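A short write-up of the structure that comes next.
Note: hydrogens, waters and symmetry copies are ignored here, and every other heavy atom, side chains too, is used. As the structure lists them, so they are numbered: ligands from 1, and atoms in each ligand from 1. Keep in mind that what you see is a predicted model, and the values were worked out from it rather than measured.
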Amino acid sequence: MEKNKIVVVGAGPAGMMAAIRAAEVGQQVTLIERNSRPGKKLLLSGKGRCNLTNTCELGAFLRRFSRNGEFLRDAFRKFFHQELIQFFEKRGLKLKVERQLRVFPVSNRSNSILEVLKKELSNNKVKVIYKARMKDVFIREQKVRGLLLEDSRVIPADKIILATGGASYSFTGSSLDGINLARKLGHQIVELRPGLVPLETRQNYPRLLEGLTLKNIRLKFSDFKKELISEIGELLFTDFGISGPLVLSLSGEIADWLKISNNIFVEIDFKPALSAEQLEARFLREFNENPKKTMKNILKGFLPQRMVKVFIEIAKINPDKKTSQITQEERRRMIKLLKGFRLDILRTRPLEEAMVTRGGVSLKEINPRTMESRLVPGLYFCGEMIDVDADTGGFNLQAAFSTGYLAGESAAL
Ligand SMILES: Cc1cc2nc3c(=O)[nH]c(=O)nc-3n(C[C@H](O)[C@H](O)[C@H](O)COP(=O)(O)OP(=O)(O)OC[C@H]3O[C@@H](n4cnc5c(N)ncnc54)[C@H](O)[C@@H]3O)c2cc1C
């Protein structure tokens, strides 16, 4: 029997997995990639270490998606973290589980993940065409016929799988080409917004503290009317504001609030385990035991060294004042600041700088059991271009691999 011609567009994790699976099932598969090599974003992932998945159980896994996690249930039923881990380990790559159940290659190099995928493409005789940018698809009588490349080449196809990625880090090749094509073919596109993105602040202290990480602090985001979210985690100061795991995780929600309010601010609680009263008791004890110590030296026991200078300036305390001379009013001012160091949020960094894109091809018109378009038979979607996105921790890559696997298998069978 003649094989079906399946063309996959985009050699990111979703597209590579789709191509491998479709070829494993026995079809003739071509993978089109606009770059001269595959997986450029994959190589950057996990700070170059690639946090490829997470071993938490399915319910908890789905809850890490901002919305729409339920849509992935079928894809995860077919190919979840156990299967992904097995996929790499069976091919000789050792993986390890780190804190919060994040999975990384033992080599700590994302390239080792990419090498397995490249080898598998080759073992399964997937024809990979690099430096080939999809421009359009041919559809006649409701059937997919082929693909037009930017350089006018035509690639015949019975089925097409789009895996062109999200809207950010465009230098890696991820493009809106697939999303724009889906729109042209009648698909709804859910507004593209940044997810996992740093935040810009009005104040410039973060610039002075650039590179400083604060661990186990509480961030409390509010507008003037109410508290919005409050969570404990890790923060990183940058030259324009704040980033780090906790900020990135909360950034999607903050982005939505910033659309309706320009009065969002965050308070950093440096000592979330202590109440203001307990903190005051600790201050008093320190002051009694060290009456001659300067305030700047005492604060080193409460804050990272780099933070002390900025903190003391904002608290309007003379850094060289002895603890015995600190007034009750000054002490209370410092306690208030330790429990609520405020920064006004101006905006998120642009979509281009987001780790994931929120929004994309609407799920209403994709069959979750197959990833096939409900509007154009023979056209499939997978990876970040569809309207799913998740927290940090390996969830986004697992979604890309799982939807890729399902799209590849469904197109092939
Ligand atoms: C800095 C950074 C770190 C990250 N770290 C992690 C992490 O540790 N864990 C995690 O789970 N997630 C992480 N992510 C998110 C994760 O990398 C993405 O969600 C994932 O790469 C999406 O895979 P994809 O295959 O859908 O798209 P992409 O990886 O974006 O791949 C799309 C591919 O399509 C190609 N392409 C685009 N348009 C065309 C066209 N017209 N014709 C031909 N080819 C085309 C592109 O060149 C690209 O190769 C990170 C993201 C960033 C930016």
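At a heavy-atom distance under 4.0 Å, no atom of A390 approaches ligand 1. No part of L42 comes within 4.0 Å of ligand 1, judged by heavy-atom distances. Contact annotation for A399 and ligand 1: no heavy atom of the residue comes within less than 4.0 Å of the ligand. Heavy atoms of D177 found under 4.0 angstrom from ligand 1 belong exclusively to the side chain.
Those atoms of ligand 1 with a heavy atom of F395 less than 4.0 angstrom away are 11 (O). Near G383, meaning under 4.0 Å from any of its heavy atoms, are these atoms of ligand 1: 26 (O). Close contacts of ligand 1 with T164, meaning ligand atoms under 4.0 Å from a residue heavy atom, involve 32 (C), 34 (O), 37 (C), 38 (N), 39 (C). When each atom of ligand 1 is checked for a heavy atom of G173 under 4.0 Å away, the hits are 36 (N), 37 (C), 38 (N), 46 (C), 47 (O). Ligand-side atoms of ligand 1 in range of S175: 37 (C), 38 (N), 39 (C), range being under 4.0 angstrom from any heavy atom. Taking every heavy atom of A163 and a limit of under 4.0 angstrom, the matching atoms of ligand 1 come to 32 (C), 33 (C), 34 (O). Heavy-atom proximity to N51, at under 4.0 Å, picks out these atoms of ligand 1: 7 (C), 8 (O), 9 (N), 10 (C), 11 (O). Of all atoms in ligand 1, listed by their number and element, those nearer than 4.0 Å to a heavy atom of E384 are 18 (C), 19 (O), 20 (C), 22 (C), 26 (O).
Within the structure, ligand 1 has A132 among the residues with a heavy atom less than 4.0 angstrom away. Note on ligand 1: R133 sits in its first shell, one or more heavy atoms being nearer than 4.0 Å.
When each of D389, D387, D256 is paired with R67, the salt bridge (charged side-chain N to carboxylate O under 4.0 Å, His left out) condition holds for D387 and for no other. Exactly one of P105, S112, C50 qualifies for a side chain to side chain contact (heavy atoms under 4.5 Å, CB included) with L95. That residue is P105.
Atom NZ of K309 sits in a sparse spot, with 12 or fewer heavy atoms from other residues, nucleotides or ligands closer than 6.0 Å.
Taking distance alone, with nitrogen or oxygen atoms compared against 3.5 Å, C50 stays at or beyond that limit from ligand 1. Looking at ligand 1, you'll find an N or O of R34 within less than 3.5 Å of one of its N or O atoms. Checked by distance only, ligand 1 and A14 come closer than 3.5 Å through their nitrogen or oxygen atoms. The shortest N or O to N or O distance between A400 and ligand 1 is not under 3.5 Å.
Of the protein's heavy atoms, M355 O, 3.3 Å lies nearest to atom 51 (C) of ligand 1. For atom 10 (C) of ligand 1, the nearest protein heavy atom (residue, atom name, distance) is L397 CG, 3.4 Å.
Side-chain contact between I155 and I129 is present, with heavy atoms from C-beta onward closer than 4.5 Å. Between I229 and I254, the closest side-chain pair of non-hydrogen atoms falls below 4.5 Å. Annotation: side chain of S175 is in contact with side chain of R133 (closest heavy-atom distance under 4.5 Å).
Of the candidates K135, M16, E33, E33 brings a heavy atom nearest to atom 49 (O) of ligand 1.
Between F65 and F76, the two ring planes are tilted [angle within 30° to 60°]. Relative orientation of the F265 and F224 rings is tilted, given thresholds of 30° and 60° on the angle between their planes.
The minimum heavy-atom distance between S222 and E227, with the atom names listed, is OG-CA, 3.7 Å.
Between the side chain of D177 and the main chain of N180, no donor-acceptor pair closer than 3.5 Å is present.
Residues R207 and D239 are not paired through a salt bridge, judged by the lack of any N-O separation under 4.0 Å between the basic side chain and the carboxylate.
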